[in-house]
Protein chains: 2
Amino acid sequence: MSLRFAALGLLAQHPGSGYDLLRRFELSMANVWPATQSQLYGELNKLADGGLIEVTDIGPRGRKEYRVTEAGRAELVRWITAPEADPPMRRPDLLRVFLLGELPAETARTYAVDFAEHAASELARLQHLRDSFEWGADDADFYGRAALEFGLRDAAMEERWAQWLVSAIDERISISPSA
Amino acid sequence: MSLRFAALGLLAQHPGSGYDLLRRFELSMANVWPATQSQLYGELNKLADGGLIEVTDIGPRGRKEYRVTEAGRAELVRWITAPEADPPMRRPDLLRVFLLGELPAETARTYAVDFAEHAASELARLQHLRDSFEWGADDADFYGRAALEFGLRDAAMEERWAQWLVSAIDERISISPSA
DNA sequence: GAGTGCATGTAAGAGGTTACATGATTTA
DNA sequence: TAAATCATGTAACCTCTTACATGCACTC
């Protein structure tokens, strides 16, 4: 359901073709709501069928230039401000944490170390994204930057938590040694 | 794909029926990987078909007592230690952040305030969970507690981030006032 | 014997992924 | 003219959600 609004929102920020949207999407929203090319094109057709967006021009190679309609903008605002219950988080990596007891403590410890490293590299990736992008003064950049800030804080938190877990496992091993 | 391992993992920790699993699931893993009753029963049948679990007993009301097989335990360990690329995060609430520029600044600010409040109440819920549960000394409790710690840190981070966003929006409003 | 809880299952449909299919246009 | 890029679409399959269906066993 959310991809529908990602597409609608991108078009509200700026008109363009599915192909245009796809590239803008990859750089921004795909970080919080990944989607494939197939899916995006499908949503655009559905949105057009529903009258929320419209084709304003057909260019070379069958390129369709889309634009948001009034109805589409209203629907977008409704979705953003609606306090709909969002689907809860789905994290396979945390699911594994619940099951680390099925592994030898040393192996579980390795999992935690890897978790920390993964978070650190994600942090580095986002820092690079922040530093390499030319941030403008418009709303889209302001809020995009805010979403990125979330990612940075999240990655930093995850790294610290994983380091804490490594220590906790070490302590647990030393209390009841396996050898 | 992950629910399969959630079910397998729960059975690895302790044998039981689908109904038993469902209750244990709600208290633990459902926080990081929600699933419905239908789905869980379906997975149990698939796991049994694949020889990863087996029915050891049939009790009253057609109750099936399941147990992990050797193959199942091996598959579980493989999954936990496999560095498979996990699906990336999907957060409609952050998707909305990208689109807050489509709203008046005052309305966007309200969204951020609500975000902070939501995080605060989630934090309170998890703190209550932590304080009301009788934590044992076994592995399942140790790692369950670790996963809960993640949730606590995450909720705290989200609240602080949202508060930061409120301040940033306030600053932005004061710099370029709308009235 | 009525109500609650135990216990499992089916079916329809939406959302999402992967792979494939097709072809025009620009650039080297 | 070959390669890269632009540009859109279809089909099969899996996951997940929602709703419905069924019935036994225990307790009051």
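Naming: A, B, ... by sequence-line order, numbering from 1 per chain. Just so we're clear, the structure is a prediction, and the values are computed from it rather than from any experiment.
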Looking at [X] and [Y], does any basic side-chain N land under 4.0 Å from a carboxylate oxygen?
X: B:R63; Y: B:E65; answer: yes
X: B:R78; Y: B:E75; answer: yes
X: B:K46; Y: B:E43; answer: yes
X: A:R125; Y: A:E122; answer: yes

Note to self: Pairing donors with acceptors under 3.5 angstrom, does anything connect the side chains of B:D170 and B:S167?
What the structure shows: no
Over how many whole Å does the gap from [X] atom [atom1] to [N] atom [atom2] extend?
X: B:W33; N: D:dT15; atom1: CH2; atom2: P; answer: 10 Å
X: B:Y19; N: D:dA25; atom1: OH; atom2: C1'; answer: 12 Å
X: A:L21; N: D:dC6; atom1: CG; atom2: C1'; answer: 15 Å
X: A:L3; N: D:dC16; atom1: CG; atom2: P; answer: 18 Å
X: B:F25; N: D:dC16; atom1: CZ; atom2: P; answer: 10 Å

Check: Does B:W164 have A:R153 sitting over its ring (NZ/CZ under 6.0 Å from centre, angle to axis within 45°)?
Finding: yes
Note to self: Taking the six-membered ring of A:Y111 as reference, does the cationic atom of A:R96 (NZ for Lys, CZ for Arg) lie under 6.0 Å from its centre and within 45° of its axis?
What the structure shows: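 Here A:R96 fails the 6.0 Å and 45° test against A:Y111.
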Checklist line | Closest-nucleotide ordering on DNA chain C, the 5'-leading residue of A:M1 and B:E65 | finding: B:E65
Item checked: Of B:K64 and B:R23, the one whose closest DNA chain C nucleotide lies more 5' -> B:R23
Notebook entry, point to check: For D:dC6, does OP1 or OP2 lie under 4.0 Å from any side-chain N or O of A:R63?
Noted result: no
Notebook entry, point to check: How are the rings of A:W79 and A:F5 set to each other: parallel, tilted or perpendicular (split at 30° and 60°)?
Noted result: parallel
Next item on the list: Quick one: pull up CD in A:E159 and CG in A:L123 and give me the separation to the nearest 0.5 Å.
Entry: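 Reported value, rounded in 0.5 Å steps: 6.5 Å.
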Next item on the list: Using a heavy-atom cut-off of under 4.0 Å over every strand shown, decide if A:R4 touches base, sugar-phosphate, or nothing.
Entry: nothing
Next item on the list: Mind running a 4.0 Å heavy-atom check of residues 38-54 of chain B against DNA chain D and sending the residues that fall below it, in number order?
Entry: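 The answer is B:S38, B:Q39, B:K46.
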Checklist line | Covered region of DNA chain C, 5' end to 3' end, by chain B [heavy atoms, under 4.0 Å] | finding: C:dG5 to C:dT17
